[in-house]
Amino acid sequence: MKYAITIALMLSLSFGLITESFRYQSTANLWEDDYDLLFDPARIPEIEGSRLWTSLSNFVTGSEELFSNGSVPFFLIGGTKNFGKYYPGLVYDRTSANTPLNTGLVDPYLNPIYGEGSVTTIDWTLDSLGNRTDRDVTVESVTAFDKTAGSDYYVAVGTRMNSFRFGLGYLHNDSKTTMTDPANNYTSYYYEEDYEEDTLKYSDSITFVGDDITKSSENEIILSAWLDKEVMSFGGDVRYEMLSDNSEAVISGYEAEYAFTEHPDHYYVLTSDLDSMLLPESGNRISINMKMFYDYNDYAQGRFYAGFFTKSTSYGDDATSFVTQTIEDENDPELTLDTTTTISDYDGDFSSNGFRAGTKQLFEISDRFRFAFGFFWSMASINDSITRMDSTYTSTVYDDGDPDTLVQFSYNEYSYSTETWAKVTEGSQMTFTIPIGVEFNLFDPFVLRMGAQHSITKNDLTTDNILDAWQPEYYYYRNTDTDSTYEEYQSPVSRPENSYENDNQTIPATSYYYGFGWRVTDNFQLDVMNFSEITDWGSWRLSATFHFD
């Protein structure tokens with residue numbers, strides 16, 4: 001569990017679907033478009049006519065490059081349409097991609113190999129006549145992919161009854177990332193060969209396989225309402241979100257080393273490894289937001305916001321990681337088995353509570369120029385507590401097979417130790433944000449947009465790492481020939497048993513935004529961002545909206 005970096009991230013909708021229009025983003029989140037109204041269900045009745053959004057709009061990740069020479073693995077469709085006094089809306093997207101990663105291997109021309117590949121290297125030994133006598137061969141195979149799959153959908157309905165508006169929305173997100181890490185998915189095979197005799201002298205091989213999988217699921221229910229008066233409107237919403245995350249991995253490895261029977265030093269060593277992890281987390285987030293829009297006149301409006309949120313998550317009962325290694329060694333045939341196992345059990349809770357307040361001031365200076373600015377303050381308290389108990393076991397079984405008790409080389413031994421660490425992070429985080437945004441109607445129907453947002457974030461967080469409990473290493477030895485035993489507690493290694501860190505910092509940041517809108521026809525609107533390279537359309541971000549009365 002990790003505390004959020006900024007209050008904005010805590011308060012935002014945390015699902016893959018972009019909930020902000022390009023107009024809203026380009027003006028530093030000041031001037032809204034119809035798409036922004038969709039995610040406050042009681043404001044859907046403000047949308048005049050019907051709207052249709054398709055995959056022509058970058059509303060999945062916001063970074064798709066629609067004019068680039070490549071496919072975009074996203075499908076999106078959404079829209080709104082009123083049916084009498086009811087105003088439903090929906091957006092759905094789905095994505096699936098399998099991206100090859102750099103394996104770390106290179107081909108004979110020194111080009112990197114991506115995805116899945118292998119390289120064979122041969123080191124030849126030649127006699128004085130140039131004949132091949134021996135060779136050492138290395139074959140390396142690596143697999144590296146990043147596979148993502150996910151789907152989001154949002155459904156909502158709003159209704160209007162005289163001066164009251166009500167709305168209900170439901171948002172669902174599922175995502176899964178499967179990382180095939182080249183460090184954990186490789187095979188290395190090496191052998192030494194008498195090339196003239198066509199016999200193997202020595203070989204070893206290493207194989208590791210396994211994926212890191214991250215899953216997340218979020219379900220949010222939104223209730224909102226508005227009351228419209230002559231010069232002002234009062235609104236509010238309650239949002240309840242159920243959160244679920246899980247990280248899991250099962251990495252298995254095997255190493256074998258052989259010398260062959262044609263040679264007197266014949267032996268083998270076998271080593272097997274298993275590294276697994278299961279870290280499920282679940283919880284909820286609740287937010288309550290109040291809003292007031294006040295019309296100073298027909299050309300100026302003040303918007304005022306206040307909100308509260310609380311979030312809590314915790315590890316599941318089966319949160320654990322497990323590492324074990326087993327060695328068999330024929331070079332020392334009496335060593336029957338040697339095993340080391342480490343188990344880590346996790347327990348912990350994360351909680352955060354925060355407030356947010358602010359205002360936006362919107363002005364239509366003329367038919368061609370709109371200006372807006374705002375000020376927001378947010379504060380959150382954070383408490384993140386994680387407890388990890390590590391248990392380490394080692395076991396060795398040794399039997400020389402000799403019944404002569406005087407030899408005393410047959411024995412069993414094992415050791416066991418545990419320690420429990422508590423990591424507690426707590427404190428507060430405060431952010432001040434000042435956005436400014438403008439729109440210029442350079443000529444009908446073309447609008448240029450610019451925005452800037454300056455923020456100051458103050459962190460006051462402390463982290464304590466404490467050795468909460470421990471058992472020194474217990475060592476047990478039994479000679480199976482003489483039936484004698486020996487046991488003792490090992491003196492612990494000198495190391496820190498607690499630490500303290502204070503993260504008290506101030507982080508200023510300024511972000512700039514720009515874009516333009518073009519009302520191509522009465523039924524078609526184009527909005528564009530990221531067009532700094534005028535001749536390189538591959539970097540442009542595009543939103544296309546269809547309007548129907």
Mutual orientation of the aromatic rings belonging to His172 and Tyr170 [parallel < 30°, tilted 30-60°, perpendicular > 60°]: parallel
Short N-O contact, Lys458 and Asp460, less than 4.0 angstrom: no
Exercise: do Glu473 and Tyr475 side chains pair donor with acceptor under 3.5 Å: no
Aromatic plane relationship, Trp124 with Tyr195 - under 30° parallel, 30 to 60° tilted, over 60° perpendicular: perpendicular
NZ or CZ of Arg285 within 45° of Phe309 ring axis and under 6.0 Å: no
Pairwise salt bridge (Lys or Arg N to Asp or Glu O under 4.0 Å) hits with a residue in residues 120-135, at least two apart: Asp134-Lys201, Arg135-Glu193
Asp211 and its side chain to side chain contact (heavy atoms under 4.5 Å, CB included) partner, picked from Thr143, Thr178, Thr177: Thr178
Approximate separation, where rounding is to 0.5 Å, of Ser287 OG and Glu220 CD: 6.5 Å
Validation row: Asn465, Ser499 side chains within 4.5 angstrom (heavy atoms): yes
Aromatic centroids of Tyr416 and Tyr414 separated by under 6.0 Å: no
Modelled atom types, side-chain donor and acceptor of Tyr500 and Asn498, under 3.5 Å: no
Whether Gln25 side chain and Glu20 backbone form a donor-acceptor pair below 3.5 Å: yes
Donor-acceptor pairs under 3.5 Å, side chain of residues 316-323 to any protein atom, not counting sequence neighbours: which ones?
residue	atom	partner	partner atom	Å
Thr320	OG1	Ser344	O	2.9
Thr320	OG1	Asp345	OD1	3.2

